[in-house]
Amino acid sequence: MSLSLYRMHRIYLAATMNYGLVSNDPEELAYYKKIRKEIDDVKKEPFKRGIPINWDKPEEIHK
């Protein structure tokens with residue numbers, strides 16, 4: 001049995017808000033763990049913003 005969209009949404013909210021999952025259903029647990037893993041992976045990646053500036057070589061800025 002696949003998860004309904006309503007149930008998937010509830011599990012997604014629980015995972016993103018760092019709540020625990022009360023259910024013992026293996027499908028729901030797998031979906032919860034998948035989302036938590038994706039969230040943890042995103043947190044580990046460095047987030048780069050803006051324009052990179054190299055202060056050592058100002059001539060490269062104008063190229």
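Numbers here are sequence positions counted from 1.
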**Study point:** Distance, nearest 0.5 Å, that separates OH of Tyr19 from CZ of Arg10
**Key:** 11.0 Å
Point to revise | pair Ile39-Lys43: side-chain heavy atoms closer than 4.5 Å | key: yes
Review point. At their closest point, which heavy atom of Ala14 faces which heavy atom of Gly20, and how far apart are they?
Key: CB-O, 4.4 Å
Study note, to complete from the structure: Sequence neighbours excluded, the answer for salt bridge (Lys or Arg N to Asp or Glu O under 4.0 Å) partners of Lys33 is none
Review point. Checking side chain to side chain contact (heavy atoms under 4.5 Å, CB included) against Met8, which of Leu13, Leu3, Ile35 comes through?
Key: Leu3
Check your understanding: Taking only residues two or more places apart in sequence or in another chain, which ones pass salt bridge (Lys or Arg N to Asp or Glu O under 4.0 Å) with Arg36?
Key -> Asp40
Study note, to complete from the structure: Here the pair of heavy atoms bringing Ser23 nearest to Glu28 is OG-OE1, 2.6 Å
Study note, to complete from the structure: Given the options Asp25, Leu21, Ile11, Tyr31 meets side chain to side chain contact (heavy atoms under 4.5 Å, CB included) only with Ile11
